[in-house]
Amino acid sequence: MTYINRSMEPVFLELSREYPAILITGPRQVGKTTMLQKLSEKESRNRTYISLDDLNERKLAKTDPAMFFQLHKPPIFIDEVQYAPELFPYIKILIDKHNNPGDFWLTGSQLFKLMSGVQESLAGRVALLHLSPLSQREIYQNGQSATPFCVDLDVLSVKQNTVTSASVSEIYERIFNGGMPALVSGRYTNRETFYSSYIGTYLDRDVKELSGTIDSMKFHNFITAVAALTAQMVNYKAIADDCDIDQTTAKAWLRILETLGIIFYLYPYSNNTLKRLVKTPKLYFYDSGLVAYLTKWNSAETLQNGAMSGAILENYVVSEMVKSYQNAGREPFIYYYRDKDSKEIDVLLERDGKLFPLEIKKTAMPGSQLTRVFKVLDKSSLQRGTGAVICMAEKLGALDRDNLIVPVWLV
């Protein structure tokens with residue numbers, strides 16, 4: 001099995017030289033453990049690896065954390081640390097006593113459950129990172145340095161010279177295949193079996209742990225209904241009606257998917273000068289391959305020509321942008337715009353005191369009419385930055401001096 005270099009690696013190592021604890025969150029099977037094991041092989045310290053998926057280790061960590069750390073001294077890598085929040089006060093004690101950078105490498109796949117313990121015990125002592133499924137940069141450019149996506153002609157021009165272009169069909173192959181390391185690396189070759197097992201084993205197990213008893217069949221119908229609405233504004237009633245559940249349950253189950261790092265939201269941009277804006281977030285999946293599987297597309301070709309081709313392309317592009325920030329250890333300030341007059345901008349990127357409006361289209365030859373809606377930002381208190389249409393163009397270009405044409409493979 002081939003190991004794929006992660007863009008986050010240099011960021012993680014830099015933080016490990018500064019912070020006594022580093023916590024990486026993210027869904028199961030995205031490569032958190034593999035990445036840290038690879039990095040620990042390269043360091044000079046003899047780091048102990050403990051997985052709290054091991055029920056014996058978990059029991060000891062929960063019932064006698066002091067003994068746990070007598071047996072397993074730093075430097076240590078604790079996998080799935082959310083299973084024993086009892087460890088956090090003891091990690092704090094050890095950090096305050098020794099304060100050695102990089103003593104504690106931690107991973108967890110249940111974000112909210114983790115964060116309460118982290119915020120109570122390790123505030124100011126831990127660096128937080130989020131690892132998602134592989135980005136196209138990691139898969140096709142061997143994990144080039146983690147630089148967040150930006151709409152800068154000079155930056156994109158340099159990047160274009162180092163990135164291999166992709167045709168429309170190749171882009172949809174990327175979308176269809178997704179970014180789960182076990183599939184990309186060739187460890188598993190049957191995509192259908194992998195995703196079926198992923199939902200049945202990992203999601204189902206974690207969902208039950210977070211919510212108690214749950215109807216597995218209804219939850220599977222629920223996540224399928226959610227996938228069908230990707231890149232759209234969240235509609236709790238539509239999801240609930242599709243799955244024969246009430247809206248309260250739909251909201252609770254969406255929180256679980258967010259907790260497990262399966263979905264994320266883009267919230268509508270608003271400030272005091274832009275009135276009449278909607279307040280409902282749009283929903284996206286981190287892994288486009290999971291969306292394609294759940295919505296039952298049998299090939300990249302049928303997906304490319306099907307009714308979801310535009311929505312899943314938007315999901316793919318937005319998730320790539322978000323991953324580019326996460327891999328750089330940066331918070332993504334990414335929104336969308338929609339007002340009561342139904343004027344909409346797919347993505348607003350806030351950076352350096354400016355708003356950068358972005359449209360995502362399947363076309364290879366975008367027209368200037370796609371950027372007319374950007375004028376709604378003229379009323380914003382922030383300066384409007386360069387706009388862009390992210391599309392299936394063969395190369396980087398421009399519609400005019402204020403708006404670029406950016407190929408999807410360049411995101």
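Values reported hereafter were calculated over all heavy atoms of this structure, with side chains retained and with hydrogens, waters and symmetry mates removed.
- The distance between the ring centers of Trp409 and Tyr140 does not fall below 6.0 angstrom.
- Formation of a donor-acceptor pair under 3.5 Å by the Ser324 side chain with backbone atoms of Met321 is found in this model.
- In this structure, Lys32 contributes its side chain and Pro27 its backbone to a donor-acceptor pair below 3.5 Å.
- Using a 30° and 60° split on the angle between ring planes, Phe194 and Tyr198 fall in the parallel class, below 30°.
- Neither side chain, Asn315 nor Ser288, offers a donor N or O lying under 3.5 Å from an acceptor on the other.
- Between Leu52 and Glu80 the shortest heavy-atom distance is CB-O, 3.5 Å.
- Between the side chain of Lys323 and the main chain of Leu134, a donor-acceptor pair closer than 3.5 Å is present.
- Separation of atoms CD (Glu57) and CG (Asp79) is listed at 12.0 Å; rounding is to 0.5 Å.
- Salt-bridge check for Lys282 with Glu344: passed, with a basic side-chain N closer than 4.0 Å to an acidic carboxylate O.
- Using modelled atom types, no side-chain atom of Tyr335 and backbone atom of Val347 make a donor-acceptor pair closer than 3.5 Å.
- Side chains of Lys343 and Phe374 form no contact here, defined as non-hydrogen atoms less than 4.5 Å apart.
- Between the side chains of Ser132 and Gln326, at least one donor N or O sits under 3.5 Å from an acceptor N or O.
- The line from CG of Leu153 to CZ of Arg401 is 12.5 Å long, rounded to the nearest 0.5 Å.
- At a threshold of 4.5 Å between non-hydrogen side-chain atoms, the residues Met308 and Leu313 do not count as touching.
- Nearest heavy atom pair, residue Cys150 against residue Leu349, reads CA-CD2, 4.3 Å.
- Annotation: the span from Ile360 atom CD1 to Asp346 atom CG amounts to 5.0 Å, rounded to 0.5 Å.
- Minimum interatomic distance between Gln82 and Thr107 (heavy atoms only, all atoms of both residues): OE1-O, 4.3 Å.
- Between Phe77 and Tyr49, the distance separating the two ring centers is shorter than 6.0 angstrom.
- A distance of 4.0 Å separates CD1 in Ile199 from CG in Leu294, rounded to the nearest 0.5 Å.
- Checked against the 6.0 Å centroid criterion, the rings of Phe219 and Trp253 qualify as a close aromatic pair.
- Looking at every heavy atom in both residues, Ile345 comes nearest to Leu358 through CG2-O, 3.7 Å.
- Using modelled atom types and a 3.5 Å distance limit, the side chains of Thr302 and Ser299 yield a donor-acceptor pair.
- Figure legend: cation-pi geometry between Arg125 and Phe104 absent, as NZ or CZ is not positioned both under 6.0 Å from the six-membered ring centre and within 45° of its axis.
- Side-chain polar atoms of Thr147 and Arg137 form a donor-acceptor pair below 3.5 angstrom.
- Between Tyr269 and Tyr337, the distance from one ring center to the other does not fall under 6.0 angstrom.
- In this structure, Asp244 places its CG atom where only 12 or fewer heavy-atom neighbours from other residues, nucleotides or ligands lie under 6.0 Å away.
- A donor-acceptor contact closer than 3.5 angstrom is absent between the side chains of Asn221 and Thr224.
- When all heavy atoms of Asn177 and Leu183 are compared, the closest pair comes out as O-CD1, 4.4 Å.
- Side chain of Thr249 to backbone of Ile245: no donor-acceptor contact under 3.5 angstrom is found.
- Within a 6.0 Å radius of CG in Asp400, more than 12 heavy atoms belonging to other residues, nucleotides or ligands are found.
- Asp241 has its side chain out of reach of Ile239: every pair of non-hydrogen atoms, C-beta onward, lies at least 4.5 Å apart.
- For Phe12, the CZ atom counts as densely surrounded, since its 6.0 Å shell holds more than 12 non-hydrogen atoms of other residues, nucleotides or ligands.
- Between Met35 and Ile24, the closest side-chain pair of non-hydrogen atoms falls below 4.5 Å.
- Side chains of Ser16 and Trp105: a donor-acceptor N/O pair is present below 3.5 angstrom, by distance only.
- Between the Glu9 side chain and the Arg6 main chain, a donor and an acceptor come within less than 3.5 Å of each other.
- Side-chain atoms of Glu301 and Ser169 form no donor-acceptor pair, as typed in the model, at a separation below 3.5 Å.
- The existence of a salt bridge linking Asp246 and Lys237 is excluded, since no basic side-chain nitrogen approaches an acidic carboxylate oxygen closer than 4.0 Å.
- Aromatic rings from His130 and Tyr286 are positioned such that their centres are separated by under 6.0 Å.
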Verdict with reasoning, Phe264 to Tyr284, per ring-ring contact (aromatic ring centres under 6.0 Å, His included):
CA-CA 5 Å; Phe264 66 95; Tyr284 298 87; 5.6 Å; yes
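- With hydrogens and angles disregarded, a donor-acceptor distance shorter than 3.5 Å links the side chain of Arg191 to the backbone of Phe176.
- Taking the ring axis of Tyr3 as reference, the NZ or CZ atom of Lys38 stays within 45° of it and closer than 6.0 Å to the ring centre.
- In this structure the side chain of Arg28 reaches within 4.5 angstrom of the side chain of Asp53, judged on heavy atoms.
- Using modelled atom types, one finds a donor on one side chain and an acceptor on the other under 3.5 Å when comparing Lys362 with Ser309.
- Taking the centre and axis of the six-membered ring of Tyr83, the NZ or CZ atom of Arg58 falls inside the cone set by 45° and 6.0 Å.
- Defined by atom type and a distance below 3.5 Å, a donor-acceptor pair is present between the side-chain atoms of Asp287 and Tyr195.
- Closest approach of Ile22 to Gly102, counting heavy atoms only: CD1-CA, 4.3 Å.
- Inspection of the Glu138 and Gln136 side chains reveals no N or O donor paired with an N or O acceptor under 3.5 Å.
- Considering CD of Glu86 and CD1 of Ile91, their distance stands at 11.0 Å, rounded to 0.5 Å.
- Contact check for Leu355 versus Gln383: no side-chain heavy atoms found under the 4.5 Å cut-off.
- Expressed to the nearest 0.5 Å, how far CD of Gln304 lies from CD of Glu170 amounts to 10.5 Å.
- In summary, Glu43 and Arg45 do not engage in a salt bridge, as defined by a charged side-chain N under 4.0 Å from a carboxylate O.
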